[in-house]
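Labels below follow one simple rule: chain letters A, B, ... track the order of the sequence lines, proteins then strands, and each chain is numbered from 1. Keep in mind that the numbers below use all heavy atoms, side chains included, and drop hydrogens, waters and symmetry copies.
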Amino acid sequence: GGSNDESGSGNDGGPASVKVVVSTASISYAPLYIAVKQGFFKDQKLTVSITTVSGGGATVPALQSGSAQFGFSSVFHQLDAVQQGQKIVSIAAVNTGEGLDVVVSKKKAAQLGLNANSTLAQKGQALKHLKVGVISTSGEPYYVLSDLARAGGVDPSELNMEAVASSAAITAMKTGQIDAMTIGLPVTTEAIEQAGAQILVSCPAGDLPDLHEAPTETVLASASYVTSHASVTSRFVKAIGQAEAYLKANSDQAAETVRTGYFAKVDKQVFDTAWAEIANVTPAEPTLTAEQLQRTVDFVSRASGKKVKATGDQLLGVVK
Amino acid sequence: MPAAGRDAARPGTAVARFVLLRVVPLAIVLALWQAVSTWAISPVYLPAPVSIAARVGSWLANGYLLHNCYTTLEETISGFVLGVVAGALAGIALGMSRWWSGLLSPYINALYALPKVALGPLFILWFGIGLSMKIAMVGIFVFFVVFYNTWQGVKEVDAKLIQAMRLLRASRLQMVLKLIVPSALGWIFVGIRVSFPLALVGAIVGELIASNSGIGYVILNAANTFDTVGLFAGLFAVMVIAVVFDVALTYVYGRYTRRWALQIKGVTALS
Amino acid sequence: MPAAGRDAARPGTAVARFVLLRVVPLAIVLALWQAVSTWAISPVYLPAPVSIAARVGSWLANGYLLHNCYTTLEETISGFVLGVVAGALAGIALGMSRWWSGLLSPYINALYALPKVALGPLFILWFGIGLSMKIAMVGIFVFFVVFYNTWQGVKEVDAKLIQAMRLLRASRLQMVLKLIVPSALGWIFVGIRVSFPLALVGAIVGELIASNSGIGYVILNAANTFDTVGLFAGLFAVMVIAVVFDVALTYVYGRYTRRWALQIKGVTALS
Amino acid sequence: MNDPTVGPSHDGAGPSGSAVVIDGVSKQFTVHGRTSQALVDVALDAPRGEITSLVGPSGCGKSTVLNLIAGTIEPETGSVRHNGAPVVAINHDVAYLPQGDDLFPWRTVMDNVALPLELRRVSRAARHRQAREILALFGLAGRESSYPAQLSGGMRKRVQIARALLSGVDTLLMDEPFGALDAQLKVRMQIDLLERVHRQTGNTILFVTHDLAEAVALGDRVVVFSPGPGHVIHVENIDDLGDRSDLLSLTESPEFQRHVRTLWSLVAPELVHRSAASGATP
Amino acid sequence: MNDPTVGPSHDGAGPSGSAVVIDGVSKQFTVHGRTSQALVDVALDAPRGEITSLVGPSGCGKSTVLNLIAGTIEPETGSVRHNGAPVVAINHDVAYLPQGDDLFPWRTVMDNVALPLELRRVSRAARHRQAREILALFGLAGRESSYPAQLSGGMRKRVQIARALLSGVDTLLMDEPFGALDAQLKVRMQIDLLERVHRQTGNTILFVTHDLAEAVALGDRVVVFSPGPGHVIHVENIDDLGDRSDLLSLTESPEFQRHVRTLWSLVAPELVHRSAASGATP
Ligand SMILES: Nc1ncnc2c1ncn2[C@@H]1O[C@H](COP(=O)(O)OP(=O)(O)OP(=O)(O)O)[C@@H](O)[C@H]1O
Ligand SMILES: Nc1ncnc2c1ncn2[C@@H]1O[C@H](COP(=O)(O)OP(=O)(O)OP(=O)(O)O)[C@@H](O)[C@H]1O
Ligand SMILES: [Mg+2]
Ligand SMILES: [Mg+2]
């Protein structure tokens, strides 16, 4: 594996190069892309290279083995890892509030009598009759769906989920293999555009109150790295903070930067729709607290119906 | 002075052999593994055999494992049979016709090289997300390996025997049934042997594209929640299926060939 | 009445043959494809060859394709060489020793059946996210196929020739170099042939696990941004690499074997 | 297979004339880009219903001639005709017993011998009966279920001969059929060949041998080849031996010994002085 | 390989005694679970530096005896000793020319013949010189770069013999070495075997033949096998022929013809009346 000392030189505030892994190429990670494109990392004398890995399952070992120093992934993954005894910490908030949408095919929605005025309970009840495409039938999408199901008085064990690869989800919906999906942005947006879907529940819009102010996507690092490379870590977080501030201040410009730099092939309209949602859940500054993280933990224990053996404290990495 | 009989079939010898060759090494491997996962590698990445065994036990008890194995086996076996038959037929056909093989071989090669994982959407479009999609995926994984092995096997058929058959006015079908298949059997055998584990992989890839049960589904779910023990329990199930099949296949093939090749082989084997 | 010479090497014939066998069928395939993607299947799933060609052209022009091909090729070739050498050596070793093969074969089979896609986290842990991880992935994909083919090839070495070598007091090394390798070459060849496309797939799977360049990265990115044309342009690059390699390999192997087997083969080939 | 535009009548030899006519045939092989001439301007005539022996030193092209008749190779120049039609592809109308081993290793002796019948879809019972009969005749009774690898060299050759004899065609090409057999068996099988295959069925037989006495004893004519490159130097007509059925006394007749002596003088001039004293092990 | 606890002195035959001693050997083969007896209670003695011919009907176990001496198979009972030591595994101290084809198809004629030298790490130049010399002697000059598939049957056999002769060991086992050769070549090679291999080097040779005259002409003793199951019925000592170097006049001597007649009477009693008149094609 790699070595933690690759960037050791930067610990005195000098230049350092860091590897960053993202668990998927998602608009959720806009602050990272902005920080690169706007030179915020360069300002901090950091050279950043980005590697896409396959999901949160690959992010943790990449950090653990020292192959990468920082990872953009979901708190839900971190929570799973920490419960398994991994010393992985969140050092910056990237999304606060859930970034997932649940979309449903218009045809099915009409059949079930769902419309813009339907209540959360009605929507939750509808899940009983929907085959929902998810990346995985456990973890984050499951939490969201089961939270929604509970709101509708449906037992989560009655959920009818189908695990589909994100690249295959649109096709699956188009061909009627699934009725609904909850997959990261901009896939759901694309589904609305292409596969005749409509929003059932938009977490970014705050439809699931439980997740309000709960961090969902964060910057992860191994606990040991954070302590041994405090300077690099704090400069990295600072750059992310600048990016988030920039995003809040100049949303349109930021959108254009991210789109042309990283999502050029995505339909502009789709991108813009997704962007609006992401902008909603991107915090103005990256600071995290144990209480915030505890909210996520509480949400998970509620949604999964299981006692979570970790606390917000354990998830938090203290950046000086 | 009679030379000592090689491998005399005394009772007891077989048991001793089994213990020596199977039980002891397995015990050593498991002990080493247990040690490594206890002291060297975090169990998050390589869980101890004891915990995997416990998980397998509990999953067997609650039916979770068998249920999902059944799904995967159904996909695997259907696709495997399809792929083997199609691959062997195509291999024979192309092996027998230089014209067709000249024409088709680059296309077949190109299709073979396509990373199937990347074709998820097309597969769903054509085969849906259900059983048939996984069968197609398995079939494609199997087809090419069996095809290439069979093709080469046909090319290696002894020219003298081809000549004998042709002089005897063998029809094309007779040629295939009475010469090519028996002669290329070693090649087809390896094609089958190599492709069965690929068939399992194919089923799992299919399940990663879309599924709500199966070993791939089990593995995916476990991987997504950092449940490494569960992941390895799923992998263990795959391994068991593969090894059981391999042992059975090798046994059957060995019995068949031993009938006509035993004496000369036994005499001059390399070991 | 002299019988017509088969395949006379007149000038012009070769060109006509090439046009007939390669250009015409390719044109037909492309035309059909264009028609299908224009009228039958939405280009979102199966983009037209014209648009793929345009994309390949622009990506070639801006260096994007070559850059990423280079990455993938580097991973593929390193891992491939490693896997072929290791697989052939292991196949020879196990083929020559009934004891070792009896001992190890179930473990090898079990390892082979592991779905490597599911082992991403372990691979990252052991090999990082860089080049060595992909090389390992490629090597493992290649190893098993070459191994099983070589193993069987060793088993099929003519017993009469083994006997001749042993009587001549051949050392084990001489046995390998002068009998087993040349005799099992057809098997090793198929192992190599079947495993090169798998090597590419392995590199791409490795890149799907973690990457910032390579064809797998191109494909992943395209898939993530719903850029089907880009996806197919990436797949096209994979195909081209595979076909070029296959043609070269088949040519070289054919030339080698033709030296000693031509006459009898030409005489009695099936076609 | 047969060229329909060329009927047997164009052959120059009537139906009771020549079964095989080879004319002006040259054959070369290319080895490493260098061509070597195997046959040059070979002419040969095998009358229907007769036995033609081919003799000549090793490498002079005897097997090549049989291959040409069987259609497994093609000449560069000249024509090869069988039953009036040019041979342009595999010749299904001959039974060919090649010099080397061509048994099917995965088939039992029975299934090897019965193969020609099996391919003609003769019923299992009938083909097994025929095969069993011929195997018994060849001293292989009781070995029906052995595989070729379990037989001795001479046994394998006998199985091969038995298979050729069940081909059901009227022309037999045999390349050193009895070379691997012991003296006793050889005589038995020679007699059998003459009786069963030749006299009873009127088959045309071309056979290669390096045993000059055998060539005379069995042949109606002996074609002598010379190497470098292979060509025919002499055709010895054997028409003065009378009844051949007693092969053993045949060899003692002065005509027989004269023929053998002639052949010896052609193939091995330096050894000819002793050909009178021995030379015959039919 | 050789049992170190059993020196040559325990053998009962001195160094100039027997090279090969077979005693009380039985061998059976299992075919489909049924065992068939190939040899029963065979005893045989091949004196050092002499030629022992083995004759007998096809399937009587001649090749099996050679295989036992070469150590490629093992007897059920009895002992096989070579140079004083029991043969318990592959016997590296014999050169074995098996009945069938065992050339390496991917090696040229040159590389096939030079293989024994190559394995002993003789320099390329030296081994090519030796191989070239023996190939020329066998009439294969100019065919060094051919592959086996490009040779005639007799040529392949000659290559095989040439390879065996370069083995560099003192005991040769030859299974019907000259069976596939024409009369002229056969005599030349027989003379060569006697001269170069036997008389000059003092090698021990065991060779199988179905040509009784050849057995007498070349052998110092002829061991006659009978089938069902294979056993030795007679050993004919050939010690009254005087100088063998003129093989041709040898066959005319009355002693020679008497020996041949004796053998004929043993292997083919019903054919014996003619063995005096012919029977010799050395
Ligand atoms: N396939 C081939 N490729 C190259 N040369 C060949 C081939 N077949 C035969 N020859 C050559 O043609 C010549 C004649 O060979 P052929 O087998 O006809 O001889 P033959 O008379 O049958 O000899 P023998 O008595 O030894 O069997 C030889 O020089 C041989 O090397
Ligand atoms: N590997 C084997 N498996 C079974 N039976 C065998 C095997 N090898 C030889 N035999 C049997 O042993 C007997 C003797 O065979 P062997 O080859 O020694 O005969 P031979 O005297 O050399 O005959 P030939 O003159 O025909 O070569 C035969 O009945 C044969 O079928
Ligand atoms: Mg020949
Ligand atoms: Mg024999």
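- Counting heavy atoms from C-beta on, the side chains of Val164(A) and Ile209(B) never come closer than 4.5 Å.
- Few gaps surround OH on Tyr107(B); more than 12 heavy atoms of other groups in view lie less than 6.0 Å from it.
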What donor-acceptor contacts under 3.5 Å connect chain B and chain A, backbone and side chains included?
{"unit_1": "Tyr45(B)", "atom_1": "OH", "unit_2": "Gln86(A)", "atom_2": "OE1", "d": "3.1"}
{"unit_1": "Ile129(B)", "atom_1": "N", "unit_2": "Gln177(A)", "atom_2": "OE1", "d": "3.2"}
{"unit_1": "Ile209(B)", "atom_1": "O", "unit_2": "Ala165(A)", "atom_2": "N", "d": "2.7"}
{"unit_1": "Ser211(B)", "atom_1": "N", "unit_2": "Glu162(A)", "atom_2": "OE2", "d": "3.0"}
{"unit_1": "Ser211(B)", "atom_1": "N", "unit_2": "Ala163(A)", "atom_2": "O", "d": "2.7"}
{"unit_1": "Ser211(B)", "atom_1": "O", "unit_2": "Ala163(A)", "atom_2": "N", "d": "2.7"}
{"unit_1": "Asn212(B)", "atom_1": "ND2", "unit_2": "Glu162(A)", "atom_2": "OE1", "d": "2.9"}
{"unit_1": "Tyr217(B)", "atom_1": "OH", "unit_2": "Thr137(A)", "atom_2": "OG1", "d": "2.7"}
{"unit_1": "Asn221(B)", "atom_1": "O", "unit_2": "Ser138(A)", "atom_2": "OG", "d": "3.3"}
{"unit_1": "Asn221(B)", "atom_1": "OD1", "unit_2": "Thr137(A)", "atom_2": "N", "d": "3.2"}
{"unit_1": "Asn221(B)", "atom_1": "OD1", "unit_2": "Thr137(A)", "atom_2": "OG1", "d": "2.9"}
{"unit_1": "Asn221(B)", "atom_1": "OD1", "unit_2": "Ser138(A)", "atom_2": "N", "d": "3.4"}
{"unit_1": "Asn221(B)", "atom_1": "OD1", "unit_2": "Ser138(A)", "atom_2": "OG", "d": "3.2"}
{"unit_1": "Asn221(B)", "atom_1": "ND2", "unit_2": "Thr137(A)", "atom_2": "OG1", "d": "2.6"}
{"unit_1": "Asn224(B)", "atom_1": "ND2", "unit_2": "Ser136(A)", "atom_2": "OG", "d": "3.4"}
{"unit_1": "Phe226(B)", "atom_1": "O", "unit_2": "Gln84(A)", "atom_2": "NE2", "d": "3.2"}

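- Across Ala58(A), Ala169(A), Ala168(A), the residue that shares the most heavy-atom pairs under 4.5 angstrom with chain B is Ala168(A).
- Of the atoms belonging to Val60(A), heavy atoms from both backbone and side chain fall under 4.5 Å from chain B.
- In this structure, chain A has heavy atoms under 4.5 Å from both the backbone and the side chain of Ile129(B).
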Can you give me every donor-acceptor pair (side chain of residues 77-89 of chain B, partner residue at least two apart or in another chain, under 3.5 Å) with its distance?
{"unit_1": "Ser78(B)", "atom_1": "OG", "unit_2": "Glu74(B)", "atom_2": "O", "d": "2.6"}

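- Taking a 6.0 Å sphere around CZ of Phe236(B), one finds it holds 12 or fewer heavy atoms contributed by other residues, nucleotides or ligands.
- Contacts between residues 188-198 of chain B and chain A, defined by a heavy-atom separation under 4.5 Å, are made by no residue at all.
- Annotation: side chain to side chain contact (heavy atoms under 4.5 Å, CB included) contacts of Val244(B) (sequence neighbours excluded): Val240(B).
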